[in-house]
Each structure stands twice: as structure tokens, then as C-alpha cells.
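Bear in mind that the values here come from a model prediction, so they are computed numbers and not experimental data.
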Amino acid sequence: MESDSLENDEMSSPNTFYLNQSGPTEFVFRVFTTCPKTQALLFFFFLLLYIMILCGNTAIIWAVYTHTSLHTPMYFFLSSLSFLEICYTTTVVPLMLSNIFGAQRPIPLAGCAAQMFLFCTLGGTDCFLLAVMAYDRYVAICHPLHYTLTMTQKRCIQLMVASLSLAFYLDLQLTALIFTLPFCGHRLEINHFLCDAPPILRLACGDTRVHQAVLFVVGILVLTLPFLLISISYIFIANTILRIRSAEGRRRAFSTCSSHLSVVLLQYGCCTLVYMCPQSSTSEDEDRQLALVYTFVTPLLNPLIYTLRNKDVKDALKKSMGCKAASETP
């Protein structure tokens, strides 16, 4: 009789019922606001940013593809970066926009894992590619006579594939490890607008210390090491630029490098605060705000910085627009 009463008590316990809920685990994203007017403003604001990201990065890809003068390693990597930015934001923004009005449409466990894997893989490739672009600038400025021999078309494709493959491997392991954790309950609310590693780990009901450690190691490999390589490259680049006698030559070299450095500092700075800091040092709301920066601001600034500060790209776009206008004139 005693054992029967204990079993009945356990079955009636709310915690036991919560853990044993039937149905697969689903996630919903916490809404930004419940005010309908603010929701509408946010929807159109984020939609406008997304359209600008698509148009700006597509313009760079088109300019590089259609102008033979831009068929160089530097612009090959720039167009590849633009393509990554388009894919990177597209994995997040459409779903985010569909949830912004507070409908809280659920995303299944497999869908959440797929989004996190794609987002982290593309973001990781982005970080590795920025390091490759720094290496390209290092060879061009510090070893100009060997540039064409070093940065061949085959070498550029190999570096691009290596960046994607390394990010794919690291983030596949990370995603598989995180989604083997138990999640308590049928429908869980993520205090974020995407399935990212830190907020998902906060929802797990198992011990996440090993997973946090793996996330930190992946962060070192994806963020810290490329940033160190970029920093070393730019130390050599700065030393070489300062020895250029021509003021115009120094200005041109600094111009191409400063564009790249602006993107690097913004991308690595925000990602480091989210992925490399302990969970106790940042709140979930701060993580979500920082994620908005590298989801919207960096992909938007990429085409703006490279077109406004790059004479070759501006000239190519002007020629394209001029040719189009001339073809439409009767």
C-alpha cells in the first residue's frame, strides 16, 4: 500500500508530469514586444534592412562577375563574402519576420538544429574568409612581385573551400553535441530570434559544462585564431605601408585595408562577446541585441564600406548603371 501511495504521489507531482509530457520537443521565439504598432514598425524596419542587405551584396557580386577588371583574388573573396552574407541572413530573417507579430509559430527540434548549424557554419566561414582576405592583402602589399604566383585562381578556390570545410566540420560537431542534451518539456521559449548555441544551452535540463567548454574551444578556433592571424598580417602590412615613399601609394594601401579592418572589428567584436564570454557575464537580452548587430549591421555595412571606400567597385557599378541607362534609352 505504501509503495502504491508513493507512486501516486510521484505521478501527481507537477515536475514529474512536466518531464514526462508527451509529444516531440518544440521551440518558440520570444517576441520583441506585444505592442501592435511597435511590432509593425519593427517588421518593416527589419524587412527594409534585409532588402538592403540583399540588394547591396547582390550588386557587389554582379559587379565583380560582369567586369573583367575585377577578376582578381581580392574581388573574388569580396564577392564570396557577399554571397555568404546573403545566405547568412536568409537562414534567420524570413523566420524572424514571420514570428515578429507574436504568433510564436513553433519550430521543431530538427528545424532548430538545422538553423543553428547553417547559421554557425556560414558565420564561421565568414570569419575564416576575413582571415583569408587579410592574407591576400598581406601578400599583395608585402610581397607584390610574388602576388600573381602565390594567389592563383586555384589557390583562391582552395582557400575558400578550406574555410567552408573547416567551419562545416566544427559546427557539425558542436550542433550534434548540443542537440543530444535533454530538454525538459514539450514547448520551450527561446529568449532570442534564432536558434543559437548560448540560448539553446540555457534551456537544457542536463549538465552543460562540457558543452560550454566545447563551445568555448570552437569559439577560439573560429574567432580568436583568425583574429590573431589578421592582427599579425596587419602588423606586417602597416610596417610595409609606412615605408612607401609615395603619399598616394600609402593612401591607396591604407584605403583598401581600412575597409577590411572595419568589417573585421565589428564582426569579431560582437561575436566574441556572445560566444566567448561566460553565461553569467552577459544576459540573454544583451546576447539578443548583439546578435542583431552581426545579423543585420555587419552584412549591411559590408557592401556599403567596400563600395563607398573602393574606387574600382564604384567605377564598375557606375559603368553598369550607365550601360543599363543607355540600353533603355530609345
Group every Ile, Leu, Val, Met, Phe, Trp and Tyr by side-chain heavy-atom contacts under 4.5 Å, then state whether Ile220 and Tyr169 land in the same group. yes
Quick check against the 3.5 Å criterion: does Thr58 have a side-chain atom that pairs as donor or acceptor with the backbone of Cys55? no
Walk me through whether Tyr294 and Asp126 qualify under side chain to side chain donor-acceptor pair (under 3.5 Å). CA-CA 11 Å; Tyr294 58 75; Asp126 205 328; over 6 Å; no
Can you tell me if Asp207 uses its side chain to pair, donor with acceptor, with the backbone of Arg209 under 3.5 Å? yes
Looking only at non-hydrogen atoms, find the nearest pair between Phe128 and Leu170 and report the distance. CZ-CD1, 4.2 Å
Euclidean distance, Leu78 CG relative to Leu70 CG, rounded to 0.5 Å: 9.0 Å
Single-linkage hydrophobic cluster Phe119~Leu292, side-chain heavy atoms < 4.5 angstrom: yes
The reported gap from CG in Leu130 to OG in Ser163 (rounded to nearest 0.5 angstrom) is 9.5 Å
Using the ring pair (Phe, Tyr, Trp, His ring centres under 6.0 Å) rule, collect all pairs that involve residues 34-61, keeping only residues at least two apart or in two chains. Phe32-Phe46, Phe43-Phe101, Phe46-Phe296
Taking C-beta and beyond as the side chain, do Met160 and Val132 meet within less than 4.5 Å on heavy atoms? no
Rounding to 0.5 Å, atoms CE (Met52) and CG (Leu48) come to a distance of 5.5 Å
Shortest non-hydrogen pair, Ile60 vs Ser79, comes out as CG2-CA, 4.4 Å
Who pairs with Arg243 by side-chain hydrogen bond (donor to acceptor under 3.5 Å, both in side chains), at least two apart in sequence or on another chain? none
Say whether Val161 and Leu159 are linked into one hydrophobic cluster, either directly or through other cluster members, by side-chain heavy-atom distances under 4.5 angstrom. yes
When rounded to the nearest 0.5 angstrom, what distance separates SG in Cys87 from CG in Leu118? 9.5 Å
Are Tyr75 and His67 near enough that their ring centres are under 6.0 Å apart? no
Side chains of Leu129 and Leu84 in contact at under 4.5 Å (non-hydrogen atoms): yes
Is the closest side-chain heavy-atom distance between Phe76 and Val64 below 4.5 Å? no
Side chain proximity check, Leu95 to Gln115, heavy atoms < 4.5 angstrom: yes
Interatomic distance, OG1@Thr298 vs CD1@Ile53, rounded to 0.5 Å, equals 9.0 Å
Please tabulate, one pair per line, all N/O donor-acceptor pairs under 3.5 Å involving side-chain atoms of residues 171-184, not counting sequence neighbours.
unit_1, atom_1, unit_2, atom_2, d
Thr175, OG1, Asp171, O, 2.7
Thr180, OG1, Leu177, O, 2.6

Keeping the roles fixed (side chain from Thr152, backbone from Leu149), state whether a donor-acceptor pair exists under 3.5 Å. no
When you compare the side chain of Met74 with that of Arg137, does any pair of heavy atoms fall below 4.5 Å? yes
Report the distance from atom CG of Leu300 to atom OG1 of Thr295, rounding to the nearest 0.5 Å. 12.5 Å
Show your working on side-chain contact (heavy atoms from CB on, under 4.5 Å) between Ile190 and Cys112 and close with a plain yes or no. CA-CA 11 Å; Ile190 305 174; Cys112 192; 4.2 Å; yes
Compare every heavy atom of Thr72 with every heavy atom of Ser69, then report the nearest pair and how far apart it is. O-CG2, 4.0 Å
Tell me whether His71 contacts the main-chain N or O of Tyr65 through its side chain, where contact means a donor paired with an acceptor under 3.5 Å. yes
Are side-chain heavy atoms of Val28 and Leu188 found at a separation under 4.5 Å? no
Between Phe236 and Ile141, does the side-chain contact (heavy atoms from CB on, under 4.5 Å) criterion hold? Intermediate values first, please. CA-CA 9 Å; Phe236 286 108; Ile141 294 172; over 6 Å; no
Side-chain contact, heavy-atom cut-off 4.5 Å: Tyr135 with Met151? yes
Establish whether Phe117 and Ile86 are linked, either directly or via other cluster members, by ILVMFWY side-chain heavy-atom contacts under 4.5 Å. no
List the steps and the verdict of side-chain contact (heavy atoms from CB on, under 4.5 Å) for Ile61 and Phe83. CA-CA 7 Å; Ile61 296 170; Phe83 179 72; 3.9 Å; yes
Write down the atom of Gln39, the atom of Thr34, and the distance for their closest heavy-atom approach. NE2-CA, 3.7 Å
On a heavy-atom basis, which atom in Val222 and which in Gly124 lie closest, and how many Å separate them? CG1-CA, 3.7 Å
Are there more than 12 heavy atoms of other residues, nucleotides or ligands under 6.0 Å from atom CZ of Phe168? no
Within the 4.5 Å heavy-atom criterion, are Arg288 and Leu194 side-chain neighbours or not? no
Is there a chain of hydrophobic side chains (I, L, V, M, F, W, Y, each step under 4.5 Å between heavy atoms) that links Leu164 to Met133? no
Please report the closest heavy-atom contact between Leu203 and Glu189, naming both atoms and the distance. CD2-O, 3.5 Å
Could you check His143 against Tyr138 for ring-ring contact (aromatic ring centres under 6.0 Å, His included), going step by step and ending with a plain yes or no? CA-CA 7 Å; His143 303 284; Tyr138 161 75; 5.3 Å; yes
Thr208 side chain to Ala204 main-chain N or O, any donor-acceptor pair under 3.5 Å? no
